[in-house]
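Report on one structure; see the data block that follows.
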Amino acid sequence: MTADPPSRAGRREWAGLAVLMLPTVLLAVDMSVLHLALPKLSADLQPSSAQLLWITDIYGFLVAGFLIPMGVLGDRIGRRRLLLIGTVAFGLVSLLAAYAPTAGALIAARALLGVAGATLMPSTMSLIRNMFHDPAQRTVAISVWMTGFMGGMAIGPLVGGILLEHFWWGSVFMLNVPIMAVLIVAGPLLLPEYRDPAPGRIDLLSAVLCLAAVIAMIYGLKEIAAYGFGPEAVLAFLAGVVLAVVFVRRQRVLANPLLDMNLFRIRKFSASIVTLMLVVLIAPGVGFLIAQYMQLVLGLTPLQAGLWTLPPVMTVVVGFLGAPRLARRYRPGILAAVGLLLAAPGMALLALSGGPGSLAIMVAGQMLFYLGCSPLVVLGIDMVVGAAPPERAGAAAALSETVQEFGGAAGLAIFGSIATAIYRAQVSLPQGIPGAAAEAARDTLGGAVAAAAQLPDQLAAGLLRTARDAFTNGLHVAAFTATVIVLAASALSAVLLRHVPPTSAGEQTEPAADQPEKEEMTSLASNS
C-alpha cells in the first residue's frame, strides 16, 4: 500500500518562512557588527583585556551551551511560543546592552543575549520542519533560510559601519529591536504552533550536564586556539569530554531523555552530523588565517579585507539556492560528494598563496570551496531535521546547531595550532632585535608586525620578511590539511548517504535498502 504524498506548503507557509528569516538575519548581523564596535566601545567603557575577551566570547559560549536544552524545551512547550518568548527577551536585552554603563553590565547583557539567542535557531529550524512536509519544498525552504543568514553576514559590516559613523557604539544592538518587533507581530499570524503531544518531564540534571559539557569543551578549544595547549585549556576541554560522556550515559537510561540517542541509529541523521562536522571544521579556522594573511602579509586594510570576502559570500548564496534544484535529480550523497570534490581543489589553491596574484588566487579558492560545500550544508541540515520524528525536530535542529558551533571552535583550535606551530618553528629573527620585541615576534605574526613598527627600516624589513614567510608556510600546511579533510568528507558522503533518494522521489519512496531506517523512525515516533 502506497503512503499518501505529503501535503505541500501554500502561500501562508512561504510567508511564514519570510518571518522565520528575520531572526536568522538578525543573529548573523549581530555576530558581524560587534567587532566593528570594539574601538568605540573600548574608548567609552574602558574594559580590561579580560573583560574585552568576555564581551566578545560569552555570547557564543552560552548560545552553544543552551541550544540543546532550548531545542528540547521548544518541543515540550511549543516551538512558536519559545520563539516568541526568545524574541521578546532578545529585544529587551538588546536595549540593556545598547545602554550598558559599564563593561561588567555589558558582559551580563551579552550573556543574557546568548541565552535568548539559543531559543531562536532551533525553534526556527524545527518550525520549518513542521511547515514544509514535502521533502523538495523543505529543501528549498532551508536553502532560502540559510541564504538569509549569509545575507546578514554580508550586510552586517555595511550597516554596522554606517551606524558607527553617525551614532554611538550601542547603536549596533539597537538594530535588533525593530526586527524583533516585526517578528512579534507577524509570528502569531503566520507561524503554526507545534509541540510534542506526550513530552514527559524535562530532566534538569541532563540540562545542566549538557550546558556544562558544551561550554567547557568550546572554552577549552578557544583557549587552545588563542594561547596554545596550556594546562587550563586542556583541563577545561577534558572536563567537558567527561561531562559529555556522563550526559550520554544518562540519556541511555532515562525514560524521557533530554536528547534521544536513538536518533543516531537513523543512518542519514548520523551520517549528516558527521560530514557536517568535518566541513564546518574548516571555514572558521582557515578563514581566520586568511583574514590575517590579507591584512598582515598583503597589507590590506580591514575594510579592504572585508570587501574581498563578499565574492565568496555571494558564491555560497548561489550554491545554497542551486542545491535544491540539483537535489531533485541527484541523490544527496552523490551531490554532496561531487560538490566536495570541487571544494577540495579550491582549498588546495590557498597553498599557492605567496607569489604574484596571490590575492586573486586566494579569493578564487575560497569561492570554489564555498560553492562546493554548499550542497552538503543545505542537504545535511535538511536531512538532520527531516530524519527526526516531527515531535523531536527541535532537539534535532539544536543538535545540528551545536555540532556547527563545536566544529567551528575545534577548527579554530586545530588550524590555528597548525599554523602557529609552523610559524614558531620556521621564523628566523635577524640579529639586533631587542629581547621583548623578539619574544613577541617569535609568538605571532601580529607580534612581529607590531615589533617591526618600533625598529629601524632595514631591521624591520628583515623581520617582516621572515615572519611573513613563516606565516605563509603555516597557512599552506593548514590548507593541505583542510584539503585532506574535505576529501574524507566527500568519501563519507558517497558511502554513508548513498541510499538516500533525490527529493523528487519523496521520503515515502525510499528503496528497500533503507527499510530498516524507516522502521527505526517509526519506532522512535511510537516511543515518544
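With rounding to the nearest 0.5 angstrom, the CG atom of Leu278 is 11.5 Å from the CG atom of Leu487. With rounding to the nearest 0.5 angstrom, the OH atom of Tyr59 is 6.5 Å from the CG atom of Leu113. Rounded to the nearest 0.5 angstrom, Phe264 CZ and Ile273 CD1 are separated by 6.0 Å. In this structure, Leu475 CG and Arg468 CZ are separated by 14.5 Å, a value rounded to the nearest 0.5 Å. Separation of atoms CD1 (Ile414) and CG (Leu281) is listed at 5.0 Å; rounding is to 0.5 Å. Between atom CD of residue Gln366 and atom OG1 of residue Thr315 there is a gap of 9.5 Å, rounded to the nearest 0.5 Å.
Within the 3.5 Å criterion, the main-chain N or O of Ser143 finds a donor-acceptor partner in the side chain of Thr147. Judged by distance alone, the side chain of Ser126 and the main-chain N or O of Ser123 form a donor-acceptor pair under 3.5 Å. In this structure, Arg331 contributes its side chain and Arg498 its backbone to a donor-acceptor pair below 3.5 Å. Checking side-chain atoms of Thr466 against main-chain N and O of Ser428 turns up a donor-acceptor pair under 3.5 Å.
Counting heavy atoms from C-beta outward, Val144 and Met21 have side chains that approach closer than 4.5 Å. Within the 4.5 Å cutoff, the side chain of Leu464 has heavy atoms near those of the Val449 side chain. The closest side-chain heavy-atom distance from Met383 to Leu497 is below 4.5 Å. Contact check for Tyr219 versus Glu232: side-chain heavy atoms found under the 4.5 Å cut-off. Annotation: side chain of Leu350 is not in contact with side chain of Thr483 (no heavy-atom distance under 4.5 Å). Between Asn473 and His476, the closest side-chain pair of non-hydrogen atoms falls below 4.5 Å. Residues Val377 and Phe320 meet the side-chain proximity criterion, which asks for heavy atoms closer than 4.5 Å. Contact check for Leu298 versus Met362: no side-chain heavy atoms found under the 4.5 Å cut-off.
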Checklist entry - Does the pair Leu349 and Met367 meet the rule for a side-chain contact (heavy atoms from CB on, under 4.5 Å), with working shown? => result CA-CA 11 Å; Leu349 276 176; Met367 293 173 67; over 6 Å; no
Next on the checklist: Evaluate Gln292 against Leu289 for side-chain contact (heavy atoms from CB on, under 4.5 Å), listing each step before the verdict.
Outcome noted: CA-CA 5 Å; Gln292 291 187 76; Leu289 298 177; 4.1 Å; yes
Checklist entry - Would Gln137 and Leu17 count as a side-chain contact (heavy atoms from CB on, under 4.5 Å) if you check the C-alpha gap in whole Å, the side-chain angles of each, and the deciding distance to 0.1 Å? => result CA-CA 11 Å; Gln137 286 191 319; Leu17 177 63; over 6 Å; no
Item to check | Working for side-chain contact (heavy atoms from CB on, under 4.5 Å), residues Ile485 and Phe415 | outcome: CA-CA 12 Å; Ile485 293 175; Phe415 293 106; 3.9 Å; yes
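Aromatic ring pairs are classed by plane angle as parallel below 30°, tilted from 30° to 60° and perpendicular above 60°; the pair Tyr293 and Phe471 is parallel.
Taking all atoms of both residues into account, the shortest heavy-atom contact from Leu62 to Ala111 is CD1-O, 3.3 Å. What you find for Leu340 and Val486 is that their closest heavy atoms are O-CG1, 3.2 Å. Scanning all heavy atoms of the two residues, the minimum distance from Ala438 to Leu429 falls at O-CD1, 3.4 Å. Nearest heavy-atom pair across Ala337 and Ser490 is O-OG, 2.8 Å. A pairwise comparison of heavy atoms in Leu463 and Ala452 identifies CD2-N, 3.9 Å as the closest pair. The two residues Gly71 and Pro122 make their nearest non-hydrogen contact at CA-CB, 4.0 Å.
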